[in-house]
Each structure stands twice: as structure tokens, then as C-alpha cells.
Amino acid sequence: MDWYDANRRSLPWRKTRDPYKIWVSEIMLQQTRVAAVIEYYERFLKTFPDITALARADEQDVLAQWSGLGYYRRARMLHAAAKQLATQKMPRSAAVLQELPGIGRYTAAAIASIAFGEPIAVVDGNVERVLSRIARSGSLDFWAATQGLIDHDRPGDFNQAMMELGATVCLPKNPLCGRCPVKQSCGTRGEHKTDRPPTRKKSTIGYVLATNRDSIALVQRPANARLMPGMWELPESKRVLQSVPLLSVRHSITTTDYTINVWRGRAPKGSVQLKVAQAAKLPLTGLTRKILRRLSLLRD
DNA sequence: GATACGTGGAA
DNA sequence: TTTCCAAGTAT
């Protein structure tokens, strides 16, 4: 705790104890880097400052705020949970929080401890790595272990301290053991073996850029699409339209590394012609946002 | 218990 | 250029 008090990073969600804001931060931080979250966090809360504002928003507008952050199911579930809570108060215990969509064991414990002071420990990737190294054990009940260590006076800070240690010192690859406050207790001095992530498939796809003055043709992904349902993107092109693409970019989406060629062409059937300024307000996929940015059709 | 879900940036 | 992710959850 002393180490945390002296070394904690200043982060936007550490300036508040508003349960809603803590909740939003925890959802955004799931499998997502702090650096990527900060900007989205600030903008999201400006647009949806409280649960009521989020609950009455259209899903498309919620997704638009999330556009580019990834794992869009998180935004849908956050929105769904906000609607559920519109008529009741925010649950104050991890057990009840976990009943809400998008809130699992980790997030429930994080919100309950940080916002409400419940003495319940979290286990995330950081905590697992820290405990694994200290214990030099592959078979450890992380939840029981960290629950046994928790600071009952400051459970939220304790949880954040464990994660902060993993995120800034007990790094996956080159841990900074010299800076570690518990190196005397550590059984491994930072050794750690991780499973190699599965090799990703490679695929090449084409998109059509059909612009007309200040408008552009986009399509909305089907509501039942497995990947990014309801989000907007450029129309796909089934074949090569010119000898050289207007733009070629690489982009990875979960399990596939894509090479994307963008061809200038006519708006296909089923596409919608939209002013670029309007398109910018839609929930575009990250890839589409990237392409339009590269082509200077969007700012950022 | 696997697997799918997105993305941009560091190494 | 390629690898490896990052404060998990739902199915």
C-alpha cells in the first residue's frame, strides 16, 4: 500500500468515486490498454454523464461513442444494464452487481471495492501474474490468495495496487524487479511463462470508396452479424477494380490479420449515401474509421 | 473449459 | 515487419 501511495499513476477514474464512472472505466479497461481508454472515457462521460443519460440514449449513439475502442458487446451490455438500472439504484454489492449484463466476477469486485469499499478482492491478468511469480506456483487459487491479503480499510486501493504493480513493474516480458516492493518475497524474480497466442489467419479483402462531393457510400452490418452487428463500414468489393488500389492498409480483427485494399468505385446496391459529417457521427468500425482517416475524410 | 470478441502501440 | 498483447465476459 505504501508503494502504491507513492507510485500510483494519475488516471481520470482515480479522481472520482462515482459508481457510474468507476463502472464505465472498468468496462472500457477490459482487455484494453489504459492509454487507449483515457480519451474514450472522458468523451463518453461528457456525452453520457450519468446512468439516466446513458439509459435514455439510442444504442447507435452509444456505439458511436465506443467506435474504435473495440469489443462493442461491452457497449451494448453497458447500455442494457443502464436501462435496467434506470428504475432502481445502483447495486452496492459485488454479488448483485454481477447479475448485470457485462459485469463478471472481476468487474463486480472492482466496482464494489473501489466505489463502495466492499472488502472483496479482484483477480485480473495483472494479479494472476504477480501472484504466480511470488508463489512460484502454477496451481494457485488466485481468488482465495488475494482475498487473504486484502486491506480491509482500503480494499479499492488494495485492488488497484495489485493491478498497478502488475501493470507498471511486474511486467509480462521484462519485469522491473529492481523497483519491486515485494522482491524479497518473490519466489521467481520475474520468471513467467505464457501460452503462445494462436497464430492468426491471414486474409485480403477489398472495400469500395464511392464519394460524391462531400458524401460517401456506407453499409450497415446486419443486426445478426456475429462480428460488430449494427455498425457501419465501407461496402465490400468482391473484385479488383483498378490496377492499383487507392489505399492499402493492414488491420487485425480478433483472430484474423487483414490486408485491405480500397478501390475507387460506384456505390453498390444496398449502400447508403451519407454526408461525411453525418457518417462521422455513426458507429463506424475501427477499420472504416482508420481508412477514412488515412484518406483525410475524417479528422484525428 | 475452449473460443470469440477489436484495436493500436510497444518491443 | 511481426509478435504480443490489455483492468474479462458471454456462450
Side-chain angles (χ1 to χ4, degrees), chain A residues 4 8-9 11-14 21-41 63 66-78 80-81 94 97-115 121-130 142-143 146 156-168 170-175 192-202 221 225-231 233 249-260 283-291 293-294 300:
Chain A
Y4 180 66
R8 57 186 282 172
R9 290 168 292 177
L11 300 172
W13 42 90
R14 289 183 175 162
K21 294 179 179 175
I22 300 297
W23 176 22
V24 170
S25 75
E26 289 299 338
I27 300 299
M28 285 189 171
L29 285 163
Q30 289 169 5
Q31 297 292 287
T32 308
R33 294 175 189 283
V34 164
V37 167
I38 292 176
E39 186 183 340
Y40 280 85
Y41 173 82
L63 286 172
W66 211 273
S67 168
L69 193 57
Y71 287 145
Y72 300 100
R73 189 171 52 183
R74 294 181 296 177
R76 282 197 201 80
M77 292 189 295
L78 175 63
L97 283 164
Q98 201 175 332
E99 294 172 12
L100 291 166
I103 299 185
R105 189 173 178 182
Y106 162 81
T107 304
I111 298 170
S113 63
I114 296 169
V122 303
V123 173
D124 74 333
N126 291 306
V127 175
E128 285 192 12
R129 187 171 59 255
V130 169
F142 299 114
W143 291 95
T146 192
D157 283 344
F158 171 84
N159 283 330
Q160 292 187 82
M162 290 290 286
M163 295 189 283
E164 191 81 343
L165 186 61
T168 63
C170 196
L171 305 171
K173 282 189 184 167
N174 303 113
H192 190 59
K193 47 183 178 294
T194 54
D195 299 336
R196 201 164 303 289
T199 55
R200 309 164 77 120
K201 288 166 287 194
K202 292 191 188 307
R221 297 179 61 82
R226 196 165 55 78
L227 193 67
M228 298 183 274
M231 302 202 50
E233 60 185 353
V249 298
R250 304 177 69 95
H251 190 80
S252 298
I253 298 177
T254 65
T255 58
T256 308
D257 292 336
Y258 292 97
T259 298
I260 300 97
L284 303 174
T285 66
L287 171 55
T288 297
R289 201 166 277 287
K290 178 195 281 190
I291 292 169
R293 226 185 288 132
R294 293 281 175 91
D300 292 352

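The sequence lines fix the lettering, A, B, ..., with proteins before strands; numbering per chain opens at 1. The model shown is predicted, which means the values in this text are computed figures rather than measured ones.
Donor-acceptor pairing under 3.5 Å is lacking for the side chains of A:Tyr106 and A:Gln30. Side-chain atoms of A:Arg9 and A:Thr168 include no donor-acceptor pair closer than 3.5 Å.
With sequence neighbours left out, A:Tyr72 forms a side-chain contact (heavy atoms from CB on, under 4.5 Å) with A:Leu63, A:Trp66, A:Arg76, A:Met228, A:Met231. For A:Asp157, the side chain to side chain donor-acceptor pair (under 3.5 Å) criterion is met by A:Arg154, not counting sequence neighbours. Residues passing the side-chain contact (heavy atoms from CB on, under 4.5 Å) test with A:Glu233, sequence neighbours excluded: A:Tyr207, A:Val219, A:Arg221, A:Thr285, A:Thr288. Listed by chain and residue number, nothing satisfies the side-chain contact (heavy atoms from CB on, under 4.5 Å) test with A:Thr254 (two or more places apart in sequence, or in another chain).
Mapping A:Thr255 and A:Gly68 onto DNA chain B by nearest heavy atom places A:Thr255 closer to the 5' end of the strand.
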Grab the N/O contacts between the protein and nucleotides 8-10 of chain C below 3.5 Å, and write none if there aren't any.
residue	atom	partner	partner atom	Å
C:dG8	OP1	A:Gly125	N	3.3
C:dG8	OP2	A:Gln31	N	3.0
C:dG8	OP2	A:Gln31	NE2	2.7
C:dG8	O3'	A:Thr107	OG1	3.4
C:dG8	N7	A:Gln31	NE2	3.4
C:dT9	OP1	A:Gly104	N	2.8
C:dT9	OP1	A:Gly104	O	3.4
C:dT9	OP1	A:Thr107	N	3.0
C:dT9	OP1	A:Thr107	OG1	2.8
C:dT9	OP2	A:Tyr106	N	3.4
C:dT9	O2	A:Arg73	NH2	3.1
C:dA10	OP1	A:Gly102	N	2.5

Restricting both atoms to N or O, compile the protein contacts to nucleotides 2-5 of chain C shorter than 3.5 Å, with distance only.
residue	atom	partner	partner atom	Å
C:dC4	OP1	A:Arg196	NH1	2.8
C:dC5	O2	A:Arg33	NH2	2.8
C:dC5	N4	A:Arg200	NH1	3.2

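Side-chain nitrogen and oxygen atoms of A:Tyr72 include at least one within less than 4.0 Å of the OP1 or OP2 phosphate oxygen of B:dT7. At B:dT7, one or more side-chain N or O atoms of A:His251 fall inside 4.0 Å of OP1 or OP2 (strictly under the cut-off).
Heavy-atom neighbours of A:Lys21 NZ from other residues, nucleotides or ligands within 6.0 Å: at or below the threshold of 12.
Among the protein residues, A:Trp13 comes within range of the nucleic acid bases, having at least one heavy atom under 4.0 Å from a base atom. Counting non-hydrogen atoms under 4.0 angstrom, A:Arg221 reaches nothing in the nucleic acid. Nucleic acid contact for A:Arg9: base, since at least one base atom lies under 4.0 Å from a heavy atom of the residue. Counting non-hydrogen atoms under 4.0 angstrom, A:Met28 reaches nothing in the nucleic acid.
On the P atoms, C:dA7 is 16 Å away from B:dA10, given to the nearest whole Å. Spacing between B:dT7 and C:dT11 at atom C1', rounded to whole Å, works out to 22 Å. For the C1' atoms, the distance from C:dC4 to B:dG6 is 15 Å, rounded to whole Å. Nucleotides B:dG1 and C:dG8 are separated by 15 Å at their C1' atoms, to the nearest Å.
When rounded to the nearest whole Å, the span between CD1 of A:Ile260 and C1' of B:dG8 equals 13 Å. Computed from coordinates, the A:Asp157 CG to C:dA7 C1' distance equals 15 Å when rounded to whole Å. Remark: C1' of B:dG8 and CD1 of A:Ile253 are 13 Å apart, rounded to the nearest angstrom. The CD1-C1' distance, from A:Ile38 to B:dG9, rounds to 14 Å in whole Å. If you measure from atom CD of A:Gln160 to atom P of C:dA6, you get 19 Å, rounded to the nearest angstrom. The distance between atom CZ of A:Arg76 and atom P of C:dT11, rounded to the nearest whole Å, is 12 Å. Following rounding to the nearest Å, A:Ile27 (CD1) and C:dA6 (C1') show an atom-to-atom distance of 15 Å. As rounded to whole Å, 16 Å separates atom P of C:dT11 from atom CZ of A:Arg74.
A:Asn159 places a side-chain N or O within donor-acceptor distance of the main-chain N or O of A:Val122, the cut-off being under 3.5 Å.
Atom CG of residue A:Leu78 and atom CD1 of residue A:Ile103 lie 8.0 Å apart, to the nearest 0.5 angstrom.
A salt bridge links A:Glu164 with A:Arg14: the closest approach of a Lys/Arg side-chain nitrogen to an acidic carboxylate oxygen falls below 4.0 angstrom.
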